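Note that the coordinates shown come from a computational prediction; the quantities given were computed from them, not determined experimentally. Positions are given from 1 along the sequence.
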Amino acid sequence: SMIMRVLRYFLALLLVLPGVGPVHSEELRTSPIAVLELFTSQGCASCPPADELIAELRERKDLVVLAYHVDYWDYIGWADTFGSQENSDFQRSYAASWGKNRIYTPQMVINGSVDVVGSRRAEVDDAIDKATLPLRVRMGYKDGILEIGVNAAIGLPESSIWLVTFRSEANVEIERGENRGHSVNYVQIVTSRQVLGMWDPATGADLKLQLSDVLGGDSDGLAVIIQQQYDGLPGPILGAAMIEM
């Protein structure tokens, strides 16, 4: 009928108008089983297969995937366009936490507690199959405000709440170094990592953020990660959520 057609038209209009209603479910992940952190470099010949693997894995709704581009291969002749010393230092802090003295690429860290070579699909799949996160992070978005909630959970250790911003996709023409002549598609490229506060197992945590304050430049997504700290070094991840704009 005419009335139904008009109603359908207005419903379709509502869906495309910005700022109306909740975030679509595919853009919001609040109950992942694993956070995958890939340490990669545009200057490392063995990294592209790992970069391809995370491009596939990020399609899974039960995973939060992040790529940290490191800078210690820059000397070979190609400076990673997304590389930073902060990312290299973060990778070193994992190694220190585990009592190891070497770092490598591509390294995939699963839930802050195990690492595998990021291009070894079977090992990555196996680690994901065994992964679990005890805390659920609630997340909602309305009128430019991001609301984050984490329940209390007696028995778990007090942990840091991290905000990690990322750029969901970028293509790079690599002109020098081990991957010269290749055009590589990169995903989930970390642009910043900062601590928001602490999660208290007795009281939980509730936070509100003005999204425009934290998402700048090329960043179009963010993850919130609850992670144990040991003497200032990263420990196991307890919970996470992700939103992509």
Count I, L, V, M, F, W, Y as connected when their side-chain heavy atoms are under 4.5 Å apart, and connections chain through other members. Are [X] and [Y] then in the same cluster?
{"X": "Leu28", "Y": "Val214", "answer": "yes"}
{"X": "Leu38", "Y": "Leu63", "answer": "yes"}
{"X": "Ile33", "Y": "Ile54", "answer": "yes"}

| request: Answer yes or no: is there a side-chain heavy-atom contact under 4.5 Å between Ser183 and Asn171? | output: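 They are in side-chain contact.
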| task | Drop me the distance from Ile243's CD1 to Ile148's CD1, to the nearest 0.5 angstrom. | result |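 Going from the CD1 atom of Ile243 to the CD1 atom of Ile148 covers 9.0 Å.
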| Tyr104: which other cluster members, linking ILVMFWY side chains closer than 4.5 Å, directly or transitively? |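 Result for Tyr104 is Val117.
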| field | Test side-chain hydrogen bond (donor to acceptor under 3.5 Å, both in side chains) applied to Ser31 - qualifying residues, sequence neighbours left out | value | none
Any side-chain to backbone donor/acceptor pair from [X] onto [Y]? Under 3.5 Å, distance only.
{"X": "Asn179", "Y": "Gln42", "value": "yes"}
{"X": "Glu37", "Y": "Tyr68", "value": "no"}
{"X": "Asn111", "Y": "Ser113", "value": "no"}
{"X": "Glu178", "Y": "Ala45", "value": "yes"}
{"X": "Asp74", "Y": "Asp80", "value": "yes"}
{"X": "Thr30", "Y": "Met139", "value": "no"}
{"X": "Arg29", "Y": "Glu244", "value": "no"}
{"X": "Glu123", "Y": "Val116", "value": "no"}
{"X": "Asn87", "Y": "His69", "value": "yes"}

| query | Quick one: do the Gln91 and Tyr72 side chains pair a donor with an acceptor below 3.5 Å? | reply | yes
Side-chain donor-acceptor pairs of residues 152-169 under 3.5 Å, sequence neighbours excluded:
from: Ser159; atom 1: OG; to: Pro157; atom 2: O; distance (Å): 3.0
from: Trp162; atom 1: NE1; to: Gln229; atom 2: OE1; distance (Å): 3.4
from: Thr165; atom 1: OG1; to: Thr191; atom 2: OG1; distance (Å): 2.7
from: Thr165; atom 1: OG1; to: Ser192; atom 2: N; distance (Å): 3.3
from: Thr165; atom 1: OG1; to: Ser192; atom 2: OG; distance (Å): 2.6
from: Arg167; atom 1: NE; to: Glu169; atom 2: O; distance (Å): 3.4
from: Arg167; atom 1: NH1; to: Asp218; atom 2: OD2; distance (Å): 3.4
from: Ser168; atom 1: OG; to: Asp220; atom 2: OD1; distance (Å): 3.3
from: Ser168; atom 1: OG; to: Asp220; atom 2: OD2; distance (Å): 2.7
from: Glu169; atom 1: OE1; to: Arg58; atom 2: NH2; distance (Å): 2.5
from: Glu169; atom 1: OE2; to: Asn185; atom 2: ND2; distance (Å): 3.0

With a sphere of 6.0 Å drawn around [atom1] of [X], does it hold more than 12 non-hydrogen atoms of other residues, nucleotides or ligands?
{"X": "Arg138", "atom1": "CZ", "result": "yes"}
{"X": "Trp73", "atom1": "CH2", "result": "no"}
{"X": "Gln210", "atom1": "CD", "result": "yes"}

| field | salt bridge (Lys or Arg N to Asp or Glu O under 4.0 Å) pairs, two or more places apart, involving residues 145-154 | value |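 Output for this query lists Glu147-Lys208.
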| request: Return the set of residues passing salt bridge (charged side-chain N to carboxylate O under 4.0 Å, His left out) with Arg193 (not counting sequence neighbours), or none when no residue passes. | output: none
Anything under 3.5 Å between a donor and an acceptor, one on a side chain of residues 125-134, the other on a protein residue two or more places apart or in another chain? List them.
from: Asp126; atom 1: OD2; to: Lys130; atom 2: NZ; distance (Å): 3.0

Return the minimal non-hydrogen interatomic distance between [X] and [Y], and the atom names on each side.
{"X": "Pro236", "Y": "Tyr230", "value": "CD-OH, 3.4 Å"}
{"X": "Val137", "Y": "Ala240", "value": "CG2-N, 3.5 Å"}
{"X": "Ile103", "Y": "Ala95", "value": "CG2-CB, 3.9 Å"}
{"X": "Asp115", "Y": "Gln107", "value": "OD2-NE2, 2.9 Å"}

| task | Just say parallel, tilted or perpendicular for the rings of Tyr94 and Trp98, cut-offs at 30° and 60°. | result |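 Tyr94 and Trp98: parallel rings.
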